[in-house]
Every structure is written in structure tokens, then in C-alpha cells.
Amino acid sequence: MKIPKSNLAQFLEENKSYQLLKRGKDTTLIKLPTKELLKILDTELLERISNTGYDLETRLEEVKNLTTFHRFSLPTRMLEENGIVIAYTMPEISGVDFTDYYEDIFDLLSYAKLHSQIEDNIKVGNELGMVFPDLCTTENIRITKEGKVFFLDYDGLQIKEMPAVGYSDFLGMPKEVLTDKYYDEKSNLFSKELDVKSAIFLYFVDVFGIDLASINRLNPVTRRVVTFDDIFSIIQLEDVNIQHKVWKLFQPSIPNEFLGADLYRLAENYRLVPSSWSAEVKILVKK
């Protein structure tokens, strides 16, 4: 069944008691009295979407068919202006954005339960033909009061043969992301390997305050290239399994591997404490 379609101006007139939640660089987010969210895309983002060869309406209809993805807030209505779909509604997921959550992480077990759900969501999405190049934009990840993880954003994602609008700058520079391992120049499609990279990068920045993209780059202070050992030493990570999975991310042909059960094993053996030399970095201490 197709997604219902309405005129945006008329829809807003009928829902006058709406609340403006956010006016971002590319989108405006509105909370409706129907306990739904309305997302309005600006002209530039709509053009970027159309330049992929698939407009917003086509993307939304394709996403709506992914009914087995229960941890995705699927579109409920499309809104158009001058005959062009520029906005959509979706159910509001009560809870907090991941952005507002991870700064206070010290309990590795609690975080492992959340991060394993992120990995599971990615795997289900991949099976349905989706890739999440912008996963590290953590405001697109929602955590409910019950501790369930939902993905919210899909207008710019890669859906089957529909290319993504872009990818998170957090993953590195173009030469580090648009490689044969992660991107096919002929189809303009990212591989599933990028999602594993996103998940691990997300884990390290959320838990330790460490940006893995700094590996193999020049440290402007020491004038030395940052190595794997530098990163692992800073946070006192001695777990060989996790070290090896990070190493795989930077290899051109070796497949990546989710953290999986290592999340829980690390939580069983270590706790987090703030680093003495940086409040932003947390280190591992054996229990």
C-alpha cells in the first residue's frame, strides 16, 4: 500500500499546535499533536537526493516496503509542495538521542547492551539492502526508556540500488572512505564493510573519546604519524581481539568484523575511569 500524500501547507494548517524541535543545516524537525514527527527537507538536500537518480518520494516508498525492520521509524505520510514531495511524517520514538546519552558512559555492560543493538540493527538493515553511511551522526539513533535502540533517518541512506546522499565525515577523509573496500565508483554504492567501520568508530568515540580516524595521520603536536599502538596505549586497551578488529578496518582487502561478543567480554573484565590528562578520554582499568 502506498504512503498517503498531502499538501504541506494545508497539513500544517490542520495541525496548528505543532512544536518546532530543530532547525538544522538541511532539515527542519517538527513535533505534531498526533505524536508524530514531521521532517521538512531544504532545497539543497532535495537536489542532492534527486542527483542520485532517485527523488525523495521514490526513496520513501522503497523504505515503506521494509516492513520487517521493526527498529526503524518508518514513514507514515508524504507532504508535497508544488507537486514535489519535500517532507514526510514518522512516528515519534520517545527517549533520548544517542548524542545526549554517550557522554556519561562509564558502565561498559550497559553500553554493550546498547551497542550490540546498533550492530543488530545494521545487520538487519544490510539483509534488506540498506547501508548506513551516516550512522555516526548520532542524533539519528534513538534510545527509548526501555533501552531499545531505533534508527530514525533514511531520506539520504543507501537503499538497494539507490546511492546514499553522503557519508559521515567522522569516518575519515575521502581517500580513506572512498576506497575499493568501502565504495564502488561505477555504481556509486557503499559496501556493507562501511557499516562495520561506522559501528566500531562509533564505539571508540562514545566509550573512550578516541577518534580512530587519527590513525596513520600526522600528529601536529609530536610531528609523528599516529599508530595503532599509540591509540591502544592511550586508553590502555590490551584486548587482542578488539585490537585486531580495529586493525582490519584499515586493511584494503581483509573483511571487517563487528565487535560482537567482545563487547560483553570487555565489560566483564574492565571498567572505565577518566584519563588523568584529558577529561574527554576514558581509559580501561581491570576490575
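Of the possible polar contacts, none joining the S73 side chain to the L152 backbone as a donor-acceptor pair under 3.5 Å is found. For T27 (side chain) and K39 (main-chain N/O), no donor-acceptor pair under 3.5 Å exists by modelled atom type. A donor-acceptor pair under 3.5 Å is formed between the side chain of Q117 and the backbone N or O of G147. Panel note: side chain K197, backbone L171; a donor-acceptor pair is recorded below 3.5 Å. In this structure, the side chain of R217 engages the main chain of A213 through a donor-acceptor pair within 3.5 Å. The backbone N or O of F258 lies less than 3.5 Å from a partner atom in the side chain of K245, making a donor-acceptor pair. K181 places a side-chain N or O within donor-acceptor distance of the main-chain N or O of I254, the cut-off being under 3.5 Å. Side-chain atoms of D169 never come within 3.5 Å of backbone atoms of M173 as a donor-acceptor pair (strictly under, hydrogens ignored). E61 places a side-chain N or O within 3.5 Å of a backbone atom of I3 that can act as its donor or acceptor partner. Without hydrogens or angle criteria, N7 side chain to Q10 main chain gives a donor-acceptor distance under 3.5 Å.
Taken together through direct or relayed side-chain contacts under 4.5 Å among Ile, Leu, Val, Met, Phe, Trp and Tyr, L12 and L20 form part of one hydrophobic cluster. Hydrophobic clustering, with ILVMFWY side chains joined whenever heavy atoms are under 4.5 angstrom apart, keeps L218 apart from L212. Under the 4.5 Å side-chain heavy-atom criterion for Ile, Leu, Val, Met, Phe, Trp and Tyr, L21 and F150 are members of distinct hydrophobic clusters. Residues I93 and F132 do not share a hydrophobic cluster, defined by chaining ILVMFWY side chains whose heavy atoms lie under 4.5 Å apart. Criterion: ILVMFWY side-chain heavy atoms under 4.5 Å apart, direct or through other members. Under it, W247 and L202 are part of a common hydrophobic cluster.
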Q: Determine, stepwise, if the pair K248 / V196 fulfils side-chain contact (heavy atoms from CB on, under 4.5 Å).
A: CA-CA 10 Å; K248 287 181 178 180; V196 184; over 6 Å; no

Q: Go through the steps to decide whether D120 and R71 satisfy the test salt bridge (charged side-chain N to carboxylate O under 4.0 Å, His left out), and finish with yes or no.
A: CA-CA 10 Å; D120 289 342; R71 292 291 179 84; over 6 Å; no

Q: Could you go through the side-chain contact (heavy atoms from CB on, under 4.5 Å) check for L108 and L284 one step at a time?
A: CA-CA 10 Å; L108 281 173; L284 289 167; 3.7 Å; yes

(Q) Show, in sequence, the C-alpha distance, side-chain angles and deciding distance for T89 and F11, and conclude whether the side-chain contact (heavy atoms from CB on, under 4.5 Å) test is met. (A) CA-CA 11 Å; T89 58; F11 181 79; 4.1 Å; yes

(Q) Working note: I231 + I210, criterion side-chain contact (heavy atoms from CB on, under 4.5 Å); need CA distance, chi angles, decisive distance, verdict. (A) CA-CA 8 Å; I231 295 295; I210 289 291; 3.7 Å; yes

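Hydrophobic cluster of L189: no remaining members, since no ILVMFWY side chain lies below 4.5 Å from it.
Counting only N and O atoms by type, the side chains of Y88 and D155 include a donor and acceptor under 3.5 Å apart. Side-chain N/O atoms of D195 and S198 include no donor and acceptor closer than 3.5 Å. Side-chain contact of T52 with R59: a donor-acceptor pair under 3.5 Å is present, judged by distance alone. Side-chain atoms of S233 and D230 include no donor-acceptor pair closer than 3.5 Å.
Evaluated for a ring pair (Phe, Tyr, Trp, His ring centres under 6.0 Å) with Y111, the options F208, Y203, F106, Y270 yield exactly one hit, Y203. Exactly one residue among V149, N121, L114 makes a side chain to side chain contact (heavy atoms under 4.5 Å, CB included) with I141. That residue is V149. The only option from I30, L79, L46 that meets the side chain to side chain contact (heavy atoms under 4.5 Å, CB included) definition with I40 turns out to be I30. Here the rule is side chain to side chain contact (heavy atoms under 4.5 Å, CB included) with Y167, and of L135, D134, L178 only L178 fits it.
Here the straight-line distance linking atom CD of E62 with atom CD of E161 works out to 6.5 Å at 0.5 Å rounding. One distance of note links OG of S94 with CD of E146; it measures 6.5 Å at 0.5 Å rounding. With rounding to the nearest 0.5 angstrom, the CG atom of N188 is 11.5 Å from the CG atom of N51. Of the inter-residue distances, the one linking K113 atom NZ with H115 atom NE2 reads 16.0 Å to the nearest 0.5 angstrom. The structure places CG of L194 at 9.0 Å from CG of N256, a figure rounded to the nearest 0.5 Å.
Across A87 and L56, no two heavy atoms sit closer than the pair N-CD2, 4.0 Å. In terms of heavy atoms, Q236 sits closest to I283 at NE2-CD1, 3.6 Å. Considering all non-hydrogen atoms of both residues, A112 and Y264 come closest at O-OH, 3.6 Å. Nearest heavy-atom pair, P91 versus T76, reported as atom, atom and distance to 0.1 Å: CD-CG2, 3.8 Å.
The number of heavy atoms from other shown groups lying within 6.0 Å of OH (Y18) does not exceed 12. By the neighbour-count criterion of 12 heavy atoms within 6.0 Å, atom NZ of K31 is sparsely surrounded, having that number or fewer from other residues, nucleotides or ligands. Open room surrounds CD on E185; 12 or fewer heavy atoms of other groups in view lie less than 6.0 Å from it. Around NZ of K286, the count of heavy atoms belonging to other residues, nucleotides or ligands within 6.0 Å does not exceed 12.
By the 4.5 Å heavy-atom criterion applied to side chains, P133 and Y182 are not counted as neighbours.
Between F228 and F250, the ring center distance clears the sub-6.0 Å criterion.
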